[in-house]
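The block underneath contains the structure these notes are about, expressed in structure tokens.
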Amino acid sequence: MKNHSDIKNRDIARIFDEVADLLEISGESFFRVRAYRNASRVIRDLSTPLSTIARSQNAKLEDLPGIGKDLAEKIQTIVETGDLPLRRELESELPVGLLEVMRIPGLGPRKAHRLFLELGITDPERLEEAARCGKIRELKGFGEKTEAQILEGIETLRSFGKRMLRADVEPIALSIIEHMKRLKGLEKIEIAGSYRRLKETVGDLDILVACRDPAGAMDHFVSFPGVRKTIAKGKTKSSVVTNPEIQVDLRVVGAESFGAALQYFTGSKAHGIAMRTIAQKKGLKLNEYGVFKGEKMIAGRTEREVYEAAGLPWIPPELRENRGEIEAALEGTLPELISLSSIRGDLHMHTDETDGRDSLETMASEAKKRGYLYIAVTNHTKRVAMAGGLDEQRLLKHWDAVEKLNAQIEGFHILKGVEVDILDDGTLDIEDAVLSKGDYVVASVHYNTNMSRSQMTRRIVRALSNPNVSALAHPTGRLINKRPPYEVDMEVIIATCAKFGVALELNAAPDRLDIDDTSCRSARQHGVKVSIATDAHNKGGLDFMRYGVYQARRGWLEKEDVINTLNFRLLNRFLKKRG
DNA sequence: GCCGTTTTCGGCCCGACTGTTTTCAGTCG
């Protein structure tokens, strides 16, 4: 039998999600469906592989929150066989294409099921056909508008199913805010949702305002020049689609409810549910209007007030995922999250010596302008030929130039760095004798990225064991929405970094943000230090630092976890410990 | 299907908007 013991958590989570969807379509109890969804989320966020827990003597699957006897057994089955009988059973009863039908805006499990039963709709293609023939409007409970909405929904899903990069959403978000600020009677405005939680991607924008004239706010909102289409417009809530295409929801509340609404719409959903449950246990009701004791409103104006009414300190939005932040808040052990102002330098960037656009002098002076104390210039090496990577001779010459420039600048240091390529067997493409003359060596994988998980892990572990290596750059190689992370066991990588005192890079490029928040937390738990670095290829790229800090905050990192918050002397002490 | 200083049953977060309805189900966040 095939060995499935290295099945990944996200594969198991995906199976549970699919089971949840199919159960929901078939009309199963909402609570049973939710149990699968909860479990999926818990599994996705877990840094330890379930296959490890399943085999372990002392750790138990049932100890995980949301995993009971039944789901523990199902996980065991998936780990052992790679699949779940329940899923196959459901798939034989319902076409999997219905899952896509359900994703179409305006359609949910109930309608998808009825479309299947009454019209034999099994996938979006057949749905489109039926809608074009005018068959949908004939069904009870459906009408012409629903039919048109379905056709439009299919088109929308085709054109932009993906979440947008946060960095791409920012300009739209800011111009809407600017537009809304011109509204008369506006008291408060905030962007809530995943944008406020500083997530790397944003599905839609949730904008919250407090305003004395809700109807006026609705009118003003839909008149935003970037609006392509108004989806809904009510008394206190409206939704539009903008150009470039992203859905924006506006919600209006009174100023006395603004904090409660902000808490409510910032989410995440799981955090909100957990908070409302806590409130409920205290005999309180928490909704978007406030915290209520019976009929009486006892909090709501500010978020802090809302959390305090529930017996908690205020929790930073970027932690609100119900991944332990509520427990930490109750124990008083919330992390003191790192901020951009703590960053003292940038340890990954390129110059025109290889594939960067700006000179060494420009990069150094731009970094100094940003208030940094140091940078590491880390150009590519020879295997990355496309980028004009340096061989040993050129690298040494480049470092001479760095030293010369260093001597000319006051109060600022340029580390002799390099981004050395990790070859297929885990050795490096620059001789050790040369690397040992550098100050800061980041190692990274660029080629042959589709090896097996165990091969890739071995490859990187071997590279990390080289005493010249200071950090591992963009550890999974992912490009958000473009390229999945390569197969690598991050737990092993993190443990190896801990063993050798190597830092993990959090690459701050907005489409990389590699490592992700889960690995940040894992690194912190293992005592592995993180370098937040921009990988800038021109002077403007130095501004990516804040995206890295955002991600670090989502990963619970404190100033002490990040090496480029150290002053130059302490950074050097950290680097010397290696080797 | 999970969970429990109200533990092995009976709960499980909450409200707005739309479309197709005559009082509400379904969807969404």
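Protein chains get the first letters and strands the later ones, always in sequence-line order, with residue 1 at the start of each.
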Quote, to the nearest angstrom, the P distance that separates B:dG4 from B:dG15.
25 Å

Is the base of B:dG15 touched by the side chain of A:Tyr264 through a donor-acceptor pair closer than 3.5 angstrom?
no

Roughly how far apart, to the nearest Å, are B:dC12 and B:dC17 at atom P?
25 Å

State whether the side chain of A:Arg320 and the backbone N or O of A:Thr266 hold a donor-acceptor pair below 3.5 Å, judged by distance alone.
no

Gap in Å between the two C1' atoms, one belonging to B:dT22 and one to B:dT18, rounded:
16 Å

Could you check how far CG of A:Leu139 sits from C1' of B:dG19, rounded to whole Å?
14 Å

Give A:Thr236 one of three labels, base, sugar-phosphate or nothing, depending on what nucleic acid heavy atoms sit under 4.0 Å from its own.
sugar-phosphate

Once you round it to whole Å, what is the distance between P of B:dC13 and CD1 of A:Ile326?
13 Å

Quick check for you: among B:dG1, B:dA16, B:dC17, whose closest atom lies nearest to any side-chain atom of A:Arg32?
B:dG1

Please work out if A:Ile104 contacts a base, only the sugar-phosphate, or nothing of the nucleic acid, heavy-atom cut-off 4.0 Å.
sugar-phosphate

Would you kindly give the CD-to-C1' distance between A:Glu28 and B:dG1, to the nearest whole Å?
10 Å

Out of B:dC12, B:dT18, B:dC2, which has the shortest distance to the side chain of A:Ala232?
B:dT18

Given B:dC12, B:dG1, B:dG15, identify the nucleotide with an atom nearest to the side chain of A:Arg34.
B:dC12

Quick check for you: among B:dC2, B:dG26, B:dC17, whose closest atom lies nearest to any side-chain atom of A:Asp70?
B:dC2

Suppose you measure atom P in B:dT8 against the same atom in B:dC3; what distance do you get, rounded to whole Å?
16 Å

Would you mind classifying the nucleic acid contact of A:Glu144 as base, sugar-phosphate or nothing, using non-hydrogen atoms under 4.0 angstrom?
sugar-phosphate

So which nucleotide from B:dC2, B:dA16, B:dC13 ends up closest to the side chain of A:Lys269?
B:dC13

Provide, to the nearest angstrom, the distance between the CD1 atom belonging to A:Ile67 and the P atom belonging to B:dG1.
12 Å

A:Arg301 NZ/CZ over A:Phe258 ring centroid, <6.0 Å and within 45° of normal:
no

So CD of A:Gln525 and CH2 of A:Trp556: to nearest 0.5 Å the spacing works out to 9.0 Å

What is the distance from CZ of A:Arg110 to C1' of B:dC24, rounded to the nearest Å?
15 Å

Under 3.5 Å on both distances, the Watson-Crick or G-U partner of B:dG19
B:dC24

Under 4.0 Å, counting only non-hydrogen atoms across every strand here, what does A:Glu288 touch: a base, just sugar-phosphate, or nothing?
sugar-phosphate

Out of B:dC2, B:dG26, B:dG15, minimum distance to the side chain of A:Lys111 belongs to B:dG26

For B:dC17, does OP1 or OP2 lie under 4.0 Å from any side-chain N or O of A:Arg251?
no

Rounding to the closest angstrom, what is the interatomic distance between B:dT6 and B:dG10 at atom C1'?
11 Å

A:Ser238 side chain near B:dC17 phosphate (N/O to OP1/OP2, under 4.0 Å):
no

Side-chain N or O of A:Arg276 less than 4.0 angstrom from OP1 or OP2 on B:dC13?
no

CZ-NE2 distance between A:Arg323 and A:His271, expressed to the nearest 0.5 angstrom
12.5 Å

Starting at CD1 of A:Ile231 and ending at C1' of B:dC17, how long is that distance when rounded to a whole Å?
12 Å

Please confirm whether the backbone N or O of A:Ile338 pairs with a side-chain atom of A:Arg553, one donor and one acceptor, at under 3.5 Å?
yes

For residues A:Thr146 and A:Arg137, determine if any side-chain heavy atom of one lies less than 4.5 Å from a side-chain heavy atom of the other.
no

Contact class for A:Lys74 vs. all strands (heavy atom < 4.0 Å): base, sugar-phosphate, or nothing?
sugar-phosphate

Write down the distance separating the P atoms in B:dT27 and B:dT20, rounded off to the nearest Å.
13 Å

Sugar-phosphate, base or nothing in reach of A:Asp206, heavy atoms under 4.0 Å
sugar-phosphate

Separation of atom CZ in A:Phe30 from atom P in B:dG26, rounded to whole Å
14 Å

From C-beta outward on A:Asn287, which listed nucleotide comes closest to its side chain: B:dG1, B:dG29, B:dC14?
B:dC14

Closest-nucleotide mapping onto DNA chain B: is A:Pro65 or A:Lys235 further toward the 5' terminus? I mean the 5' end.
A:Pro65

Note: for A:Glu147 and A:Asp249 on DNA chain B, the residue whose nearest nucleotide lies more 5' is A:Glu147

dist A:Glu256:CD -> A:Glu305:CD (nearest 0.5 Å) comes out at 11.0 Å

Using the six-membered ring wherever Trp is involved, compare the ring planes of A:Tyr547 and A:Phe544 and label them parallel, tilted or perpendicular (cut-offs 30° and 60°).
tilted

Between B:dT7 and B:dG11 - C1' atom distance, rounded Å
12 Å

How is A:Lys140 classified with respect to the nucleic acid when contacts are heavy atoms under 4.0 Å: base, sugar-phosphate, or nothing?
nothing

Taking the same atom, P, in B:dT23 and in B:dC28, what whole-Å distance lies between them?
25 Å

Just the rounded figure in Å: distance from P of B:dC28 to NZ of A:Lys233.
22 Å

Which is true for A:Tyr36 with a 4.0 Å heavy-atom rule: it touches a base, it touches only sugar-phosphate, or it touches nothing?
sugar-phosphate

